[in-house]
Each structure stands twice: as C-alpha cells, then as structure tokens.
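The structure appears below as structure tokens.
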Amino acid sequence: MKIQMKNAIAELDGDEMTRVLWAVIKEKLLAPHIDLKTEYYDLGLKSRDDSDDRITYEAAAAIKRLGVGVKCATITSNAARVKEYNLKQLTPSPNGIIRGELDGTVFRTPIFVRNIPCGVATWKKPIVLGRHAYGDVYKNCEIRTPGPGKAELVFTGSDGTEIRRTIQEMSGPGIIQGIHNLDRSIEDFARCCFRYALDQRIPVWLGTKDTISKTYDGTFKEIFQRVYDAEFKARFEAAGIEYFYTLIDDAVARVMKSEGGMLWACKNYDGDVMSDMIASACGSLAMMTSVLVSPDGVYEYEASHGTVQRHYYRYQKGEKTSTNPVALIFAWTGALAKRAELDGTDDLAAFAKKLEAATLGVIEDGTMTGDLAQLASPAAKRVVNSWEYIDAVADRL
C-alpha cells in the first residue's frame, strides 16, 4: 500500500537535463512508494515565454497557498537562448521572481559523504549559507549609455520631495546599473537567519562591504545588529552561540580557515557566488541542499545548480550521461519531509529520511556518478550514468 499525502506540494518543473532526471526520479523513487499529490506548473523556458511569465507568478502563489513547493532547475535566458528556443523576449530569472514573491531567505547546506573528502581540509562541519533572496542585481535596472553625459541617481518621494545624486560624469560610452533593497526585506532576512541558527544551534556570521558601500551595505549591518539586539541576543546567549559582523573579504578569509559549523549570512549576489564555492569545495554543485524560507513560514525546496546544458545536448544525441541527481532527489525529500511535518504524517517523514539514506548509502558503498568518482577516497568501485545511479538508489530503498 502506498504512503498517502494529506495535502499537495506545488511542483515546479524545469529545463534540460534536470527536467529529464526530474521525471526519472518521480518514476523510479517516488511513484512506487507514495500516492504523490502535487499541483504541477511547467516552468520550462518556452512555457514561461509563452505565458509572459504568468505561470511563474501562479507557481509562486501556489507555494504560498500550499505552504510547500519543490522546484527543478530552470534556465534564465540570454541572447543565445532567445535564438535557440525562438523566444519572444529575454525572460527574467524565475528564481528571482519566486524569491521576490515569497520575500524569503535561501539556506544552502553542503551534503557530506564519508568517501568524498572536502577540498578545504579544515572544514569538519557543514557551512550553512543564508542568502538574501530579494533585490540587488536580480531586480536591477540597467542602461547602456551611447556617449558622454551625466549619470544621475534620482528618488522622487510620494510627497514630491526629490533626492538627486550624480553617479558619474561619463566621458564616453559606458554602462549604468541601479539596484535597490527594502528595510522590511532586510529585517525579514535577519530574522530568518537568526531563527534558523537557533533551530540548528549554530552561530551567525554576516559579511558586507560597509567601508565602501556605506549606505547600501551599511544598512544591512545596522539592521542585523538592531534585530539581533532587540529580539535574539538573550536567546543566542542562552543557547551558547554568537552573532558577529565582519567585512565580506574578512569573512571569506575566516571561513577558509574555520572548521565550519556556522550560518554565513550573505547579500543576494554574494550568496549566489559563495554557495557555489562551498558546494564545489565539498565535492560538487549537485551535493548541496537549498531551501527558500519566507518570513511567514512557507518553504520552497530546489536544486541549487543549473540545468546541466552540456549533458542535455549529449542526451539529445542519444547518450546516457553521468549527471549527478543528488540535489534533485534532496529537493524532493526536503519538500516531502516538510509536508509531513506540517500535516503530521509520520510515514511520509520516515520515507523521506530513508530515501536520503539510500541516496548517500549508494555513494558510500562505492557506486557514484563521474563528478564524484574524480574525488572519491577510496576510489569508486563503479562509475555509473544517471539512470544506473537512480536504479541503484531504488534497489537500496
């Protein structure tokens, strides 16, 4: 008898190789054991373009309504993709839209496996990367200037008051970028990080560049300190953990020499870059969990890597590729475990744990995809393609 789900999960399908493996995971690892309930949204690039991104906003609304979502990796288009997929226009980042709609924080944690040594010898514990998921370059405005002129930053208040600053007297063609953030979103980011750290019993580090960006980055520093002092300081001290601020360059240096085991809070773009650095140091971009947590307790689990374009082109030629599906599997287990927690379905929670154990157990027994085989110690016993790996997980499960 299959495990029953009380409520549905919002399922957001994606693109290219990850879309192919998404379907295989559902067929081989989930459908035989669970009476899977999902609200399905096709966030493939063509589907988003055809709907002028309406489907992306519908998917975000479904996550908020259902409380839990699970997302496959998706393409953010560029000029080459517009031509390749015959798109009407450059489509924005679906992750950026969803994160903006949920106003959440992305928490990414590397998946440790005993026989995949960490590239940073000092790291003994996972580093949780808390990435602000609103604003910055993901919600920017850009201009390519054709020639000399004055670049200005202008704010017109609702009461008509104007603030004007000169960015640069441009001596020739160039580029201008405007980014923004909101105090409310930064406050929510701080609270999400402090709550998550209390739950995990780990310290919080925040790094920005307030010495250079005295207003923008300085506001992150000021708000974090204010929220911590007013709402979390006593609880952190009681739990025996700390919060501290340092410059982002100093934070990077400290992290590389640390043993890990902290929540590193980063602005949106900083978090994008640093989470990939942490994942790569721990073996592979496919060996990392990623969950978007909104201030009102809504969760979206996703694969933190891309759509594996190079492997997809090989797959289109009929080849079986050795794409690592671990992050895709863990996106599903995270969403199922959260659904089980919210609904009180213990058998579903137990299944999610067993699937994670089977996924890692196959690797620890020496069967793995090519990316991990390059790093394994002792050496891999069997290097397999994605389908063979998923079959091995299914057998162990």
Side-chain angles (χ1 to χ4, degrees), residues 7-14 18 22 25 30 38 41 43 59-60 62-74 93-112 126-134 138 185 188-202 204 262-266 268 271-272 274-276 278-279 282 285-306 325-343 348-349 352-353 355-356 359-360:
N7 294 293
I9 291 170
E11 177 189 351
L12 285 54
D13 210 344
T18 48
W22 191 259
I25 289 166
L30 304 180
T38 71
Y41 296 86
L43 263 58
I63 296 171
K64 288 192 281 188
R65 174 167 41 82
L66 296 170
V68 183
V70 61
K71 181 181 175 294
C72 185
T74 48
S93 164
N95 288 335
I97 290 173
I98 293 166
R99 290 164 188 165
E101 290 296 295
L102 270 60
D103 190 23
T105 298
V106 178
F107 294 104
R108 290 180 173 169
T109 308
I111 301 167
F112 279 20
I127 297 170
V128 179
L129 199 298
R131 174 185 170 189
H132 190 208
Y134 178 82
Y138 300 89
S185 182
D188 287 340
F189 173 43
R191 291 189 182 99
C192 281
C193 287
F194 291 137
R195 287 172 187 151
Y196 196 92
L198 278 172
D199 182 64
Q200 301 294 314
R201 291 292 190 270
I202 53 177
V204 174
M262 79 290 286
L263 191 161
W264 184 10
C266 291
N268 205 340
D272 194 1
M274 296 306 171
S275 63
D276 281 358
I278 291 170
C282 293
L285 292 179
M287 299 297 289
M288 176 168 276
T289 65
S290 181
V291 54
L292 175 68
V293 183
S294 78
D296 52 354
V298 170
Y299 296 78
E300 183 228 36
Y301 296 81
E302 63 179 352
S304 60
H305 54 70
V326 169
L328 293 168
I329 295 171
F330 270 65
W332 275 107
T333 58
L336 292 171
K338 179 54 65 175
R339 182 78 278 165
E341 176 190 329
L342 296 176
D343 295 347
L348 184 61
K353 288 183 180 179
L355 178 50
E356 289 184 356
T359 301
L360 301 185

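A quick note: this is a predicted structure, and the numbers were derived from the prediction, not measured.
Residues L12 and W22 come closest through the heavy atom pair O-CZ2, 4.2 Å. For the pair T74 and G14, the tightest heavy-atom approach, listed with the atom from each and the gap, is CG2-CA, 3.7 Å. Between T109 and P126, the shortest heavy-atom distance links the atoms CG2-CB, 3.7 Å. What you find for L43 and I98 is that their closest heavy atoms are CD2-CD1, 4.0 Å. The two residues R339 and L66 make their nearest non-hydrogen contact at NH1-O, 2.9 Å. The two residues I127 and P110 come nearest to each other via the heavy atoms O-CD, 3.1 Å.
Rounded to the nearest 0.5 angstrom, L336 CG and L348 CG are separated by 5.0 Å. With values rounded to the nearest 0.5 angstrom, L292 atom CG is found 5.5 Å from L102 atom CG. The CZ atom of R131 sits 10.0 Å away from the OG atom of S304 when rounded to the nearest 0.5 Å. T333 OG1 to L355 CG: the interatomic distance, rounded to the nearest 0.5 Å, is 6.0 Å. Interatomic distance, CG of L129 versus CG of L263, reported as 8.0 Å (0.5 Å rounding). Of the inter-residue distances, the one linking E101 atom CD with D103 atom CG reads 10.0 Å to the nearest 0.5 angstrom.
With hydrogens and angles ignored, the 3.5 Å screen pairs no side-chain donor or acceptor of R108 with any backbone N or O of V291. For R195 (side chain) and C192 (main-chain N/O), no donor-acceptor pair under 3.5 Å exists by modelled atom type.
Residues I63 and V68 have side chains not in contact (no heavy-atom distance under 4.5 Å, counting atoms from C-beta outward). Inter-residue side-chain proximity for N95 and K71 is flagged as met; some heavy-atom pair is nearer than 4.5 Å. P295 places none of its side-chain heavy atoms less than 4.5 Å from the side chain of R191. Between Y301 and Y299 the shortest side-chain heavy-atom distance falls below 4.5 Å. Between E356 and F330 the shortest side-chain heavy-atom distance falls below 4.5 Å. Counting heavy atoms from C-beta outward, Y134 and N268 have side chains that stay 4.5 Å or more apart. For the pair V204 and V128, the minimum side-chain heavy-atom distance is 4.5 Å or more. With a 4.5 Å cut-off on side-chain heavy atoms, F107 and C193 count as touching.
Using a cutoff of 4.0 Å between basic side-chain nitrogens and carboxylate oxygens, R99 and E302 are scored as salt-bridged. Salt bridge status for E341 with K338: present, with a side-chain N to carboxylate O gap under 4.0 Å.
Under the 3.5 Å distance criterion, with hydrogens and angles disregarded, a donor-acceptor pair is assigned to the side chains of D272 and Y138. In this model, no donor atom of one side chain and acceptor atom of the other lie less than 3.5 Å apart for T18 and H305.
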Full working for side-chain contact (heavy atoms from CB on, under 4.5 Å) between C266 and H132: CA-CA 6 Å; C266 291; H132 190 208; over 6 Å; no
